[in-house]
A.B. asks: 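Dropping the structure in here first, questions after.
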2 protein chains.
Amino acid sequence: MNAPARQGWTDIRAEVLRRLHSRAWKPGDAIPTEAELATEFGCARATVNRALRALAEEGWLDRRRKAGTRVAVRPVRKASFSIPVLREDIEGRGQSYGYSLLRRETARAPGAVCGRMGLARGVRLIHVTSVHLADGAPQVFEDRWINPVAVPEVSKAPLDRVSANEWLLEHAPYTHGDIGFSAELAVGKTAEVLNVTPGAAVFVIERTTWNGERSVTAVRQVFAPGYRLHTVL
Amino acid sequence: MNAPARQGWTDIRAEVLRRLHSRAWKPGDAIPTEAELATEFGCARATVNRALRALAEEGWLDRRRKAGTRVAVRPVRKASFSIPVLREDIEGRGQSYGYSLLRRETARAPGAVCGRMGLARGVRLIHVTSVHLADGAPQVFEDRWINPVAVPEVSKAPLDRVSANEWLLEHAPYTHGDIGFSAELAVGKTAEVLNVTPGAAVFVIERTTWNGERSVTAVRQVFAPGYRLHTVL
DNA sequence: CAGTGGTCTAGACCACGAT
DNA sequence: TCGTGGTCTAGACCACTGA
């Protein structure tokens with residue numbers, strides 16, 4: 001008999017992963033139940049559960065009550081990354097961070113923005129445009145709309161000194177949101193602010209956040225050419 | 001005294017999250033220990049642990065032995081999304097998926113590719129270029145290098161029928177990798193293959209995957225203008 | 001209905017790391 | 001050193017869902 005030395009759930013996770021890689025357990029196959037694996041590894045079922053749950057969260061396994069655990073047919077590896085916090089992103093590259101408020105006003109939001117934020121068309125929101133600098137050079141052009149109903153204190157925010165990005169993180173918690181990435185051509189004001197030739201390719205991140213049922217802010221950040229979002233799998 | 005009804009770890013997670021949102025516990029603050037919370041909620045410490053561990057994984061809390069649990073100073077929300085599996089991505093939008101192999105050869109990889117894959121310069125790799133179609137229109141131009149040492153069976157792969165994307169998923173498991181997103185201008189062959197005007201902005205995904213210490217493949221996928229990668233937070 | 005994963009418990013020991 | 005989180009256990013009950 002095999003009397004495995006002391007095993008932690010990470011060891012069990014590693015062993016299961018090894019069987020997946022070696023294709024001993026193939027995509028679509030059902031693997032032994034938690035109870036069976038617990039017996040095999042000589043540990044409590046809870047320990048096996050911990051390992052299998054981790055693998056399921058990572059996308060390697062599909063688990064369902066009664067149906068059992070199966071090897072994910074499609075190794076959909078989930079990539080996760082931290083939302084770039086501009087100041088840290090820039091300072092992390094050894095550059096000095098700068099911020100400049102371009103404009104702050106109250107205005108009727110465009111239909112697209114109202115739609116993204118789930119608000120009635122034509123509602124008046126706080127509109128803030130700014131630019132983030134890296135070593136003094138324009139790095140990101142930010143166009144943000146803030147819902148004053150969700151964040152009443154925004155009227156007192158010193159957005160001329162602190163970026164809305166940071167002020168909101170500190171004063172307006174959010175429960176969820178969505179984010180989108182795309183590529184666009186820099187034109188008009190965007191090209192002007194970023195100080196690039198119109199027609200340059202820029203990376204764009206659009207994000208909307210909510211606090212419960214109430215939308216907090218919708219922001220569009222245009223990154224200077226050459227920006228690259230990177231992460232590990 | 002409060003005799004909370006039956007509580008699950010998700011309820012405890014929700015309650016802690018509520019305190020974070022209400023700012024009863026502010027960023028940087030240390031929150032009660034697991035034992036204290038277990039007493040307060042009238043449950044086992046393991047249950048509190050489950051809830052706090054989940055919140056830590058989500059980025060709300062920072063936990064360290066001895067130091068205790070603190071509210072994350074910076075709510076670095078981690079965004080996670082599935083790597084687009086082209087066929088599913090396209091079919092998911094209700095379009096028909098198509099694939100066309102443009103070229104397949106063995107060639108000396110460019111220095112940049114060797115670098116990304118951690119191989120010696122000038123090594124010979126399998127080079128495959130192809131295009132993925134949505135309703136017959138070019139959607140993604142793919143330029144891929146495969147390490148035959150890591151995937152010897154690739155010589156027998158019917159890449160004229162199955163995309164390297166799918167063939168590799170099925171036959172070459174990988175342990176880890178890295179992925180990068182950027183915006184570029186479509187020029188030359190890329191613009192030609194995607195059938196777009198040179199100078200259009202395109203979304204680019206570059207990915208390298210490994211199986212243990214051995215690099216499996218390095219791929220560069222250029223998406224037709226308008227592509228948008230989206231996910232929830 | 002019954003099998004399988006999901007969760008909880010009460011207690012125990014361990015490992016990291018702040019002081 | 002020693003407090004705090006990390007993990008394991010053995011057993012129990014529950015919840016979902018396939019048959």
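In what follows, every chain begins at residue 1, and chains take the letters A, B, ... in the order their sequences are listed.
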A.B. asks: Given C:dT9, D:dT4, D:dG18, which nucleotide is nearest the side-chain atoms of B:C43?
C.D. replies: C:dT9
A.B. asks: Take the protein atom CZ of B:F41 and the nucleotide atom C1' of C:dA10, then report the distance between them rounded to whole Å.
C.D. replies: 19 Å
A.B. asks: Determine the sole option in B:N147, B:T217, B:V219 for which the side chain to side chain contact (heavy atoms under 4.5 Å, CB included) test with B:T209 is passed.
C.D. replies: B:T217
A.B. asks: Would you say A:R64 places a side-chain N or O within less than 4.0 Å of OP1 or OP2 belonging to D:dC16?
C.D. replies: no
A.B. asks: In whole angstrom, give the distance that lies between atom CG of B:L37 and atom C1' of D:dG5.
C.D. replies: 12 Å
A.B. asks: Quick one: which of A:R144, A:E142, A:E206, A:H132 gives a side chain to side chain donor-acceptor pair (under 3.5 Å) with A:Q221?
C.D. replies: A:E142
A.B. asks: OP1 or OP2 of C:dG6 sitting under 4.0 Å from any side-chain N/O of A:N49?
C.D. replies: yes
A.B. asks: Under 4.0 Å between any heavy atoms, over every strand shown, what does B:A67 touch: base, sugar-phosphate, or nothing? Just pick one.
C.D. replies: sugar-phosphate
A.B. asks: Whole-Å distance between D:dG6 P and B:D62 CG?
C.D. replies: 11 Å
A.B. asks: Would you mind reading off the distance between B:W9 atom CH2 and C:dT7 atom P, rounded to a whole angstrom?
C.D. replies: 6 Å
A.B. asks: Between A:T69 and C:dT4, is there a contact of a side-chain N or O with OP1 or OP2 at under 4.0 Å?
C.D. replies: no
A.B. asks: Starting the side chain at C-beta, find the nucleotide from C:dT4, D:dC8, C:dC16 nearest to A:R65.
C.D. replies: C:dT4
A.B. asks: Would you check if the side chain of B:R45 reaches a backbone N or O of B:A35 as a donor-acceptor pair within less than 3.5 Å?
C.D. replies: no
A.B. asks: Let's see if you can work this out: which of C:dG3, C:dA10, D:dA10 has an atom nearest to the side-chain heavy atoms of A:K66?
C.D. replies: C:dG3
A.B. asks: Whole-Å distance between D:dG6 P and B:E57 CD?
C.D. replies: 10 Å
A.B. asks: How are the rings of A:F181 and B:F181 set to each other: parallel, tilted or perpendicular (split at 30° and 60°)?
C.D. replies: parallel
A.B. asks: Specify the separation, in whole Å, of atom CD of A:E34 and atom P of C:dT7.
C.D. replies: 10 Å
A.B. asks: Check whether any side-chain N or O of B:T47 sits under 4.0 Å from OP1 or OP2 of C:dT9, and answer yes or no.
C.D. replies: yes
A.B. asks: Treating A:D135 as the side-chain partner and A:S96 as the backbone partner, does any N or O pair qualify as donor plus acceptor under 3.5 Å?
C.D. replies: yes
A.B. asks: In this structure, how many angstroms lie between the P atom of D:dG6 and the CZ atom of A:R50, rounded?
C.D. replies: 9 Å
A.B. asks: Are B:R63 and D:dT4 close enough that a side-chain N or O sits under 4.0 Å from OP1 or OP2?
C.D. replies: no
A.B. asks: Any side-chain N or O of A:R45 less than 4.0 Å from the OP1 or OP2 oxygen of D:dA10?
C.D. replies: no
A.B. asks: Can you check the A:D11 CG to D:dT7 P distance for me, whole Å?
C.D. replies: 12 Å
